Each structure stands twice: as structure tokens, then as C-alpha cells.
Student: 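Please read through the structure below; I'll follow up with questions.
Since the model is a prediction, treat every value here as computed from it, not as a measurement. A note on names: the letters A, B, ... follow the listed sequences, proteins ahead of strands, and every chain is numbered from 1. The analysis underlying the following values was restricted to heavy atoms, covering all of them including side chains, and did not include hydrogens, waters or symmetry mates.
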Amino acid sequence: MAETLKLSLYDTMTREKREFVPTDPKRVTMYCCGPTVYSYAHIGNARAAVAADVLFRVLRHIYGEDHVEYARNITDIDDKIIVAAKEQGIDISEITTKFAKIYNDDLAALGCLMPTYQPHATEHMDDMVAMIEKLIVDGYAYESEGHVFFDVTKYDDYGKLSGNTLDQLKQGARVGEAEYARKKNAADFVLWKPSKEDDPSWDAPFGAGRPGWHIECSAMIKKTLTSEKYGETIDIHCGGQDLKFPHHENEIAQSNCAHNAPLANYWVHNGFLQMDAEKMSKSLGNVKLIHELLETWDGEVLRFALLSGQYRGELDWTDSLLKQAKNTLDGWYRILEQEGLEFISGNEPEDISLEAPVLSNRANCFLNYLCDDLNTVNVISELSQLKQNLSNGYDNGFDGSSPRIIPFSLKRKWNLLRSFVGTANLLGLLQKDPEEWFRGKAQEGGLTDAEIDGLIADRAQARADKDWGRSDEIRDVFANENIILEDGADGTTWRRG
RNA sequence: GGUACCAUGGCGGAGUGGUGACGCUCUGGAUUGCAAAUCCAGCCACCCCGGUUCGAUUCCGGGUGGUACCUCCA
């Protein structure tokens, strides 16, 4: 455990950056609202998952891999799923199983670790029913025409997370007539509702039906992350900023009332991706699916692009951003290619030369940036500077008044490389072999690796004959395939642009 | 109507009460048969108006602009 590191997180509830202090450093808990699995996830969904993944990785680094428990749910019962199942004439489980797998595969391509737990809503009906029952018995929820609603007036702090008050919410309320008639207050939200005849249904003391959207998270948090021993409060709850209201507000209300304890000590919300100065959203139809993007870009490029903005801010999602991400990663992978993975992953070299004074303490500051509310941007900046030094082969800095250039000793180079790669790995980057990275995936209908090698051999002969016309002709063939040749001292290598 | 966040160079995006992060792009040079890669050099910014201060991009007030939430959404 790295005890000297102090992580600070911006807490939406208190609207300030606070030092993170877990309830128990031996068991740090975090929950992230996962997807409703009825179609492909988009890159905005990925941003939330990647932000949570970085947090997960940092927590694991600080407290130890075995001391962090991360739960991310799968919502596998929902109106949209039912609609999709009807349209396709299949059971909802076929749809949810398929898209849950795709979601996990897509995130894996983006370098996300699997959460410790991935609870499914349909596997926790008992827990939801039990919690709803308790809320009814304790007077926080009421039944009405087969529905169960949470009475928001029974929870004094309702609206605290999003900065709303009940009066303000009434003004903005857009509630259908039928629904309004069933409720005591417009802002009351549904915990349980009757299912239509053919729809999936579960038995409950208050009538057969299915749960509202919010109750599953409260019930699954209780089930997977809390216990009598540790109490009902988890350390961190995260998700997209749109979930602040109503989803998280409602989770807070129902969990507080059911357990008489806060749901989470820290609330972490990520900002939205922008598409042409407008938020990416399913209702606007301007979404980019992770699945589609992976056809063109390496998952690491997508991850890098997501990490190039601080997680709380808006981030413009453009081709230019992706191109920049790729170019930068190319530069980083060049270091691996240049130094060789054997050297980097080998033992610390013996070095008989005098150790040069170290002017840069760059290698030590990565984690401090990361611990400052997950400032991945500064980490990337520092890594880029370190990459520059590694590429040059020397430190630069000031010794008193005069600038100095100090070539690396082998030992120092090795240590800096380890720091460079280790930090990138902590961010979930530089996970590939450089050769694999540069050659990329063969495009459909493009040249095969064997054909490429053949043409390169032809060109080598032409160059030996000083037949520059033929040589350039072959280069043009490659250029049309978006393949770039590099004539080095040891022969010609190639990569996909 | 209510609430929240944001405003930095061609683009992305940090940070700071006083020497203009960093990346990408671009320009010039070195190198190369030509390239690529690499190296060197260079260009370019802190929304507006007040206030505090010796000094503000950074603090305070006002304005303007942008985005989001109050409805399924990461």
C-alpha cells in the first residue's frame, strides 16, 4: 500500500474537492451505474466506464488490488428491453445476454478491467422487493393502483445532490395526467409497477409486476457492497452527470430511508461528450457506437482520446481528437520500439559509468497528478515530456544558472522507461507490442502481410539497382493502401498510417 | 421558470498572483536517392468591463457567450 499518496476527489454532494478517506482501507468500495442492455453502447457510455476504470486502477494502486471492491450493474429489465424483445419476437434474456456480452467486450477493447461484481437486476428481485416492503412498512412509500411510489416529502434532503428543492422540481415537473392522478406528489417516483399481460413479471406482496428504474441500484449496492459489519454506506458512487437527477437523487432517498444511513460518502460524476457543440445522446440520434469506432480505431486510441480531457469537463468528440490521440500514442510506442521490450522488462542493468546527477524529478510526479481528482491530462503531458527525454537520451534542466544537458546512464534510462511504461499501463495504455501496434489490423481487401513483404523485397532490389522510378512506384502502391515505409539501417519496416 | 458547470493559441487541453505547461498541426533547418522516423529552431492564447494589488490569465463583482439537468439518456 502506498500510504503517502493522498487521493482527492471532487464530490458532487459537497461541490468541492475532498481528500478521499475510505471507511476501511482494507476494503474500499465503489459502485458505478452500468448500462441498460438493449442495444450497442456508445462512446459516451464508454467515457463513464473509462473514468470509473481509472478510479478503480488508482484505488487498487493505493490500497492494493485485493482491497478494492467495484460493482457495476447490468440493467436487464426495462421498457426499452421489452419493446426490443417484442419487435424481434424473442425472450428478453436473449437480448440482454447478447448486449451485456458486447458491452463487456467493447470495454475490454478500451482497456477497462472487469469490475469485482457485475450484478444483474433480474437476479436481485428478492432484494428489491424486500427493500420496497420495508419502505412501505416504515411509511416512506405507498401503494396506489398496483403501483408503489416513494413519497419524496418524507425525505427532507431530497434534491440535495442536484441542488434542487421540491418546490423547484414541481415547477419543472412534466408528468402525464394518468400518472399524476396516482401520485401524492408530482415528484414521487415509482418503485414498482404492474406488468402488462405478456410482459415479464415477478411476484411481490404488493402485486405482481416489475421494478422501477431506481430501486435496483440501491438493492444491489446493499447486496454486493454493504454488510452488517461494514455498514450501509459505500465509499464512492459514480456515474454520468445526467444521473444526478433523478436517478441518484432517488437512490439516495430510498437508501437513506430504508437504512437510516448515507448511501455513499463520495459522489463522482463524469461530464458529457459533445458532438458538434451538442451533447451526444440517444434521443438526438447523434451517437457514435463503440462498436463502430473500433472498426476504424484501436481501442487504445479511443481510451487515450477519452483521457485527454479531465473526466468532469465536457469533451468534444471529433475525428481530429482521435487523430491526435493516435499520433501521440505512435510517439509513445516508438519509445518501446526503439528501446525494446526485452530491455524494459528485464532486470535493472549494471552500470559502471558514474551516475549522472538527476535534474528532473519528473518520474515521481505522475501519481500525484493522478491523485488530484484523476488529472489524466497532466499525466499525459508529463509522459509526453518524459517521452521526449527518452527519445533524446538525456535529461535537461537547470543547474544553478546555466542550462545543462546530461546524458542518461543506462541505469537511469532503464528506470525512466519503467516509470514511463508503468504509468502508461496504470492508465490502461501501452498494453500492446509495438510491432503489433504499428502494423495494425489488415483492412478488408487490402494487402496481406506476405504481399507487403514481397513488394518490399522488390523495392529493395530496385533501390540496390538505383532504379528510383521503380522504387517510388512501389512506395506509391503502399501509399494507396495507407501503408508507410521506413528505410532504416537494418532494412525497411512498414506500418499502417 | 429553477439549478449546475464552463469560457486559454490553428485544434485539443492543463495550470498559475509576477520568467507564456504539454500534445497535435503548421513553418524553417539537419538528416534522407525521395520519403518516413528522429533531432534542432520558430510561430501562436488566457471572452468583455470594473475592482483588489507594486503586479491578474489567475482573486472579487457585473456583463456576455456556451453547455447540461429539471423527461429515457454516461
Student: Judged by modelled atom types alone, do A:Glu300 and A:Tyr333 share a side-chain donor-acceptor pair under 3.5 Å?
Tutor: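 Side-chain D/A pair, A:Glu300 to A:Tyr333: present.
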Student: If you check the A:Asp242 side chain, which of B:C5, B:C73, B:G15 turns out closest?
Tutor: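 From the listed options, B:C73 comes nearest.
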Student: Just by distance, do the side chain of A:Asp11 and the backbone of A:Trp267 share a donor-acceptor pair under 3.5 Å?
Tutor: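 The answer is yes, because a donor-acceptor pair under 3.5 Å joins these two groups.
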Student: How would you label the contact of A:Leu485 with the nucleic acid (heavy atoms, under 4.0 Å): base, sugar-phosphate, or nothing?
Tutor: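 The residue A:Leu485 makes base contact.
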Student: Less than 4.0 angstrom between a side-chain N/O of A:Trp213 and OP1 or OP2 of B:C73, yes or no?
Tutor: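 Looking at the OP1 and OP2 atoms of B:C73, one of them is under 4.0 Å from a side-chain N or O of A:Trp213.
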Student: Touch check for A:Leu273, heavy atoms < 4.0 angstrom, all strands: base, sugar-phosphate only, or nothing?
Tutor: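 Base contact - A:Leu273 has a heavy atom under 4.0 Å of at least one base atom.
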Student: State, without any angle test, whether A:His269 and A:His248 hold a side-chain donor-acceptor pair at a distance under 3.5 Å.
Tutor: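 Per modelled atom types, A:His269 and A:His248 side chains form a pair under 3.5 Å.
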Student: Both A:Phe272 and A:Ile484 contact RNA chain B. Which one's nearest nucleotide lies toward the 5' end?
Tutor: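 Result: A:Ile484.
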Student: Looking for any heavy atom pair under 4.0 Å, which part of the strands does A:Asp487 touch: base, sugar-phosphate only, or nothing?
Tutor: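 Counting heavy atoms under 4.0 Å across all strands, the contact made by A:Asp487 includes a base.
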Student: Can you check the A:Phe438 CZ to B:U38 C1' distance for me, whole Å?
Tutor: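 Result: 12 Å.
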Student: Just checking A:Thr493: base, sugar-phosphate only, or nothing, at a heavy-atom cut-off of under 4.0 Å?
Tutor: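 A:Thr493: no heavy atom of the nucleic acid under 4.0 Å.
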Student: I'd like the P distance from B:U57 over to B:A7, given in whole Å.
Tutor: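 So the two P atoms sit 16 Å from each other.
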Student: A:Glu249 has an atom CD; how far is it from atom C1' of B:A4, in whole Å?
Tutor: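 The distance from CD of A:Glu249 to C1' of B:A4 comes to 13 Å, rounded to the nearest Å.
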Student: Side chain of A:Leu315 only, heavy atoms from C-beta on: which candidate in B:C5, B:G13, B:C69 is closest?
Tutor: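 Out of B:C5, B:G13, B:C69, the nucleotide with an atom closest to A:Leu315's side chain is B:G13.
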Student: What interatomic distance, in whole Å, is found between P of B:A41 and the corresponding atom of B:G50?
Tutor: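 Roughly 40 Å separates the two P atoms.
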Student: Can you tell me how far C1' in B:A36 sits from the matching atom in B:A68, rounded to whole Å?
Tutor: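 Straight-line distance between the two C1' atoms is 44 Å.
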Student: Need one value for A:Arg72: base, sugar-phosphate or nothing, where a base atom within 4.0 Å counts as base even if backbone is also close, heavy atoms only.
Tutor: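 Result for A:Arg72 = nothing.
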Student: Starting at atom CG of A:Asp476, determine the distance to atom P of B:A36, rounded to an integer number of angstrom.
Tutor: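 From A:Asp476 CG to B:A36 P: 13 Å.
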Student: Could you tell me the separation between the CG atom of A:Leu386 and the C1' atom of B:A21, rounded to a whole number of Å?
Tutor: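 Result: 15 Å.
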Student: Do A:Arg470 and A:Asp465 sit within salt-bridge range, that is, some charged N less than 4.0 Å from a carboxylate O?
Tutor: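 No, this pair does not count.
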Student: Say we look at B:C40 and B:A4: how far apart would their P atoms be, to the nearest angstrom?
Tutor: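 Looking at atom P only, B:C40 and B:A4 are 48 Å apart.
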Student: State whether the distance check finds a donor on one side and an acceptor on the other, under 3.5 Å, for side chain A:Arg475 versus base B:C34.
Tutor: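 Yes, a donor-acceptor pair under 3.5 Å.
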Student: Would you mind building the protein contact string for nucleotides 22-27 of chain B? One character per nucleotide, 5' to 3', B for base within reach (heavy atoms under 4.0 Å), S for sugar-phosphate only, - for untouched.
Tutor: SBBS--
Student: Given B:G15, B:C69, B:C72, identify the nucleotide with an atom nearest to the side chain of A:Asn378.
Tutor: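 Within the option list, the nearest is B:G15.
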Student: Less than 6.0 Å separating the ring centroids of A:Trp192 and A:Phe150?
Tutor: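 Distance test on ring centres: not under 6.0 Å, no.
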Student: B:A7 P sits how many Å from A:Gln274 CD, rounded?
Tutor: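 Going from CD in A:Gln274 over to P in B:A7 covers 14 Å.
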Student: Mind checking the P distance from B:C6 to B:G62? Whole angstroms is fine.
Tutor: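 Here B:C6 and B:G62 have their P atoms 16 Å from each other.
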Student: Is the A:His214 to A:Phe189 ring centre distance short of 6.0 Å?
Tutor: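 They qualify: ring centres under 6.0 Å apart.
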Student: With the threshold set at 4.0 Å, does a side-chain nitrogen-carboxylate oxygen contact exist between A:Arg210 and A:Asp78?
Tutor: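 A salt bridge is absent here (no side-chain N lies under 4.0 Å from a carboxylate O).
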Student: Applying side-chain contact (heavy atoms from CB on, under 4.5 Å), name anything that partners A:Glu19, two or more places apart in sequence or on another chain.
Tutor: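 For A:Glu19 the side-chain contact (heavy atoms from CB on, under 4.5 Å) partners, ignoring immediate neighbours, are A:Lys6, A:Val21.
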Student: Using a 4.0 Å heavy-atom cut-off across all strands, classify A:His42 as base, sugar-phosphate, or nothing.
Tutor: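 Base contact.
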Student: Starting at atom CG of A:Leu307, determine the distance to atom P of B:A14, rounded to an integer number of angstrom.
Tutor: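 Rounded to the whole Å, the gap is 12 Å.
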Student: Among B:G12, B:A74, B:G33, which nucleotide has an atom closest to any side-chain atom of A:Asp316?
Tutor: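 Within the option list, the nearest is B:G12.
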Student: For a quick check of understanding: with a heavy-atom distance under 4.0 Å over all strands, which category does A:Arg463 fall into, base, sugar-phosphate or nothing?
Tutor: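 It contacts base atoms.
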Student: Distance check needed: B:A4 P versus A:Lys244 NZ, whole Å only.
Tutor: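 Distance, rounded to whole Å: 10 Å.
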Student: Using a 4.0 Å heavy-atom cut-off across all strands, classify A:Gly271 as base, sugar-phosphate, or nothing.
Tutor: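 Counting heavy atoms under 4.0 Å across all strands, the contact made by A:Gly271 includes a base.
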Student: Could you tell me whether A:Phe149 and A:His147 have their ring centroids closer than 6.0 angstrom?
Tutor: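 Yes; A:His147 has its ring centre under 6.0 Å from that of A:Phe149.
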Student: Any side-chain heavy atom of A:Leu390 sitting closer than 4.5 Å to one from A:Phe420?
Tutor: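 The answer is yes; the side chains approach within 4.5 Å.
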Student: Give the rounded distance in Å between these two atoms: CG of A:Leu336 and P of B:A37.
Tutor: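 Roughly 17 Å, once rounded to whole Å.
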Student: To the side chain of A:Glu486, which of B:A68, B:A36, B:C72 is closest?
Tutor: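 So the side chain of A:Glu486 is nearest to B:A36.
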Student: Given the C1' atoms of B:C44 and B:U38, what is the spacing between them in whole Å?
Tutor: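 Per the computed distance, 24 Å lies between those C1' atoms.
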Student: Expressed in whole Å, how much space separates the C1' atoms belonging to B:C24 and B:G13?
Tutor: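 Their C1' atoms lie roughly 11 Å apart.
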Student: Closest nucleotide of RNA chain B for A:Gly309 versus for A:Tyr10: which of these residues is on the 5' side?
Tutor: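 The residue whose closest nucleotide sits nearer the 5' end is A:Tyr10.
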Student: What would the secondary structure line of RNA chain B be in dot-bracket form, counting Watson-Crick and G-U wobble pairs under 3.5 Å, with [ ] for pairs that cross earlier ones and | for pairs with another strand?
Tutor: (((((((..(((.....[...))).(((((.......)))))....(((((..]....))))))))))))....
Student: With a 4.0 Å cut-off on N to O distance, would you call A:Asp79 and A:Lys193 a salt bridge?
Tutor: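 Salt bridge between A:Asp79 and A:Lys193, a charged N being under 4.0 Å from a carboxylate O: yes.
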Student: Hey, does A:Gln338 reach any base, or is it just sugar-phosphate, or nothing, if we go heavy atoms under 4.0 Å?
Tutor: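 Result for A:Gln338 = nothing.
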Student: Would you say that A:Pro434 contacts A:Leu341 through its side chain, given a criterion of any heavy-atom pair below 4.5 Å between the two side chains?
Tutor: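 In short, these two side chains touch, coming nearer than 4.5 Å.
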Student: Taking only the C1' atom of each, what is the distance from B:C46 to B:G10 in whole angstrom?
Tutor: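 Straight-line distance between the two C1' atoms is 16 Å.
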Student: Please work out if A:Gly44 contacts a base, only the sugar-phosphate, or nothing of the nucleic acid, heavy-atom cut-off 4.0 Å.
Tutor: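 If one applies the 4.0 Å heavy-atom cut-off, A:Gly44 turns out to touch a base.
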Student: Once hydrogens and angles are ignored, does a donor-acceptor distance under 3.5 Å link the base of B:A37 to the side chain of A:Arg334?
Tutor: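 A donor-acceptor contact between them is absent.
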Student: Would you say A:Ile82 and A:Tyr38 make side-chain contact, with heavy atoms under 4.5 Å?
Tutor: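 Heavy-atom side-chain distance check fails, nothing below 4.5 Å.
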Student: Examine B:G15: is either OP1 or OP2 under 4.0 Å from a nitrogen or oxygen in the side chain of A:Asn375? Give yes or no.
Tutor: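 Yes.
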